[in-house]
2 protein chains.
Amino acid sequence: MTKAPVTRNDVAEYAGVSTAVVSYVVNEGPRRVSPETRERVLEAIRVLGYRPNATARALRMGTTRTLGLITPDGGNPLFAELAKAIDKEAGARGYVVLQTSADGDPDTEHAKIAELLTRQVSGLVLVAPTEDPDLSDVDVPIVAINRELPAASSVRSQYREGARQGVDHLIGHGHRSVGLVIGHSRDGRPPERELGWRDALEHAGLEAGPIARTTFSRRGGYDAGRELLAATNRPTAIFASSDLQAVGVLRAIHEAGLNVPDDIAVLAFDGTAETEYSWPPLSVVRQPLEQLAHQAVTRLIDGQDAVEALTCPTDLIIRRSCGC
Amino acid sequence: MTKAPVTRNDVAEYAGVSTAVVSYVVNEGPRRVSPETRERVLEAIRVLGYRPNATARALRMGTTRTLGLITPDGGNPLFAELAKAIDKEAGARGYVVLQTSADGDPDTEHAKIAELLTRQVSGLVLVAPTEDPDLSDVDVPIVAINRELPAASSVRSQYREGARQGVDHLIGHGHRSVGLVIGHSRDGRPPERELGWRDALEHAGLEAGPIARTTFSRRGGYDAGRELLAATNRPTAIFASSDLQAVGVLRAIHEAGLNVPDDIAVLAFDGTAETEYSWPPLSVVRQPLEQLAHQAVTRLIDGQDAVEALTCPTDLIIRRSCGC
DNA sequence: TTGAAAGCGTTACCAT
DNA sequence: ATGGTAACGCTTTCAA
């Protein structure tokens, strides 16, 4: 259980070589090692159960090969799925990820960033939404996902285009009034998804339907759903800007004794696994989480200084809630 | 963006003291420092933007204050919520957590364990279910959550008692036939939750209802649900051993045009957030994730060698799917 | 109260 | 092809 750790010194001694040689065989470089010596070292490593100490290596090399990931809430399925994708990408590159939640609180996020920097992460992934943190003294590459950060690279889903495509689809079903459930604007400007919703309506010559602004949560969606249902101009379709909200909307509709999609159609943005088994299964505009993860990790590790935002197209997934 | 890192040496120089003194003030020990010197050092730290290098510290101290966490699937809400709870507990103790998924694959889990050990984690949390890994050369404390591991401490939800309580509740509603949706047995023995289900039935003098064995997934639950509905002895209530499965069961029932709970009652084990907004909201036996997390982290950090299993009681949460 | 220096496990340069 | 060794940034003992 708690044996004394085997160091590279022990291996060298056992194999009758210098520590440098052990290093050469462990790292397959930078110098060649004769086959027989190599074999001896390998044998020593096996016998002794030697495991290289990544901490010492990191100190020496100046890189931990560790990524830091901060999401607003690790318990949120969207962020959990994103995190999983990031871990997978990182793992494929020999990186490991320190994941933590900021609880949507700027101070907490700031503290977490500091902690991760102290831990010498090689790069930082910051996921929306939280207020912009102070990044002035950050000395590692950062990429923001679904979030615009001054002086940080950013990778995003095409919120606006995706939303528009989703709402277009709803309109295609003949709906003339499409309600919107969306979060509160963070920076005073209307959120991208709201813009996409407007784009679609406008293009179809329709009036903007009722809007319910609420939190990005199931509960928020539920409240918003009730609000929309109670409105004098009750919409015949609802576009929810997140899965969580959509699920809440669904509950509100069920409670009202209404049917989805016959009485009201629903379409959600995000497309986490949960939506596939809601009742009815939700048609969604799916965020390309794997792509976002891939791009983010690639940028961080390969250090494309490209600070310009990269946007990834979403995917319209048709299920039952839209009326297809 | 990429400035040269400020070391403790720079601080010492700037403050006109030795590096030892800087250490004393940063760590508030082990020696006292005169107020004015201390102030100079603090000032230097502030001006220079010095951030201690945790890697070097870890090397010197022999501990990284980092926990490793391996779940079968970080995208699974249950594990995501557990991970969040663990991160919170760890964070409160100044620890940070390296989280990764094993995809339910023993080889992957083994590889991840090796990677984390190389990273010198101070402790390892292994979450069920995967086949037992080889832990022989692990030299850090391990705690298994909801999983029995030879030579590892373990913290678990009271599966059997919780299941029994849930099924008892169903029986209390007058159900005489309670079906079971459960995973495949991993070690040949019947799973705890199945035992609990049997306990309740037996105690009530009821026959064991139909059982559908499937995967721990929404899809698995859906298939199992259809199976149970098609059975000649269709049960009037179903106990699902996980949220994911319950959600699948719900879908199968809806598709069959049946009503929950009027035609069939459903009760699930786990109690993740998703169940609160399913339709209808699921009554659940909730796993005490925060407690599990707290106990696991405490054991790891404080190193209670107590290898005996600790079990935490579950919580019966009544919502609508049981018929209350 | 403060400073010098050893040493944690590596890597890689410079010798040999 | 291999060995000796300095250095990475830090903590802490020992001396002053």
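Residues satisfying the side-chain contact (heavy atoms from CB on, under 4.5 Å) criterion with T7(A), sequence neighbours excluded, are N9(A), D10(A).
Nucleotide dG3(C) holds its P atom 13 Å from the CD atom of E13(B), rounded to whole Å. Atom CZ of R119(B) is separated from atom C1' of dG9(C) by 15 Å (rounded to the nearest Å). Rounded to whole Å, the distance from CD on E28(A) to C1' on dT11(C) is 15 Å.
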(message) For nucleotides 8-15 of chain D, give me one character per nucleotide, 5' to 3': B if any protein heavy atom sits under 4.0 Å from the base, S if the only such contacts are to the sugar-phosphate, - if neither.
(response) BBBBBB--
Under 3.5 Å, which donor-acceptor pairs link side chains of residues 86-96 of chain A to any protein atom two or more places apart or in another chain?
from, atom 1, to, atom 2, distance (Å)
D87(A), OD1, T100(B), OG1, 3.2
D87(A), OD2, T100(B), OG1, 2.8
D87(A), OD2, S101(B), N, 3.3
E89(A), OE1, H294(A), ND1, 3.0
E89(A), OE2, H294(A), ND1, 3.4
R93(A), NH2, D302(A), OD1, 2.8
R93(A), NH2, D302(A), OD2, 2.8

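For Q120(A) and T55(B), the side-chain atoms include no donor-acceptor pair closer than 3.5 Å.
For the pair T37(B) and dT1(C), the criterion of a side-chain N or O lying under 4.0 Å from OP1 or OP2 is not met.
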(request) Would you sort out whether E192(A) and R147(A) count as a salt bridge (Lys or Arg N to Asp or Glu O under 4.0 Å), showing the intermediate values? (result) CA-CA 11 Å; E192(A) 293 278 316; R147(A) 174 178 194 179; over 6 Å; no
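A salt bridge is absent between K84(B) and E81(B); no separation between the charged side-chain nitrogens and carboxylate oxygens falls under 4.0 Å. R40(B) and E36(B) are not joined by a salt bridge, as no carboxylate oxygen comes within less than 4.0 angstrom of a charged side-chain nitrogen.
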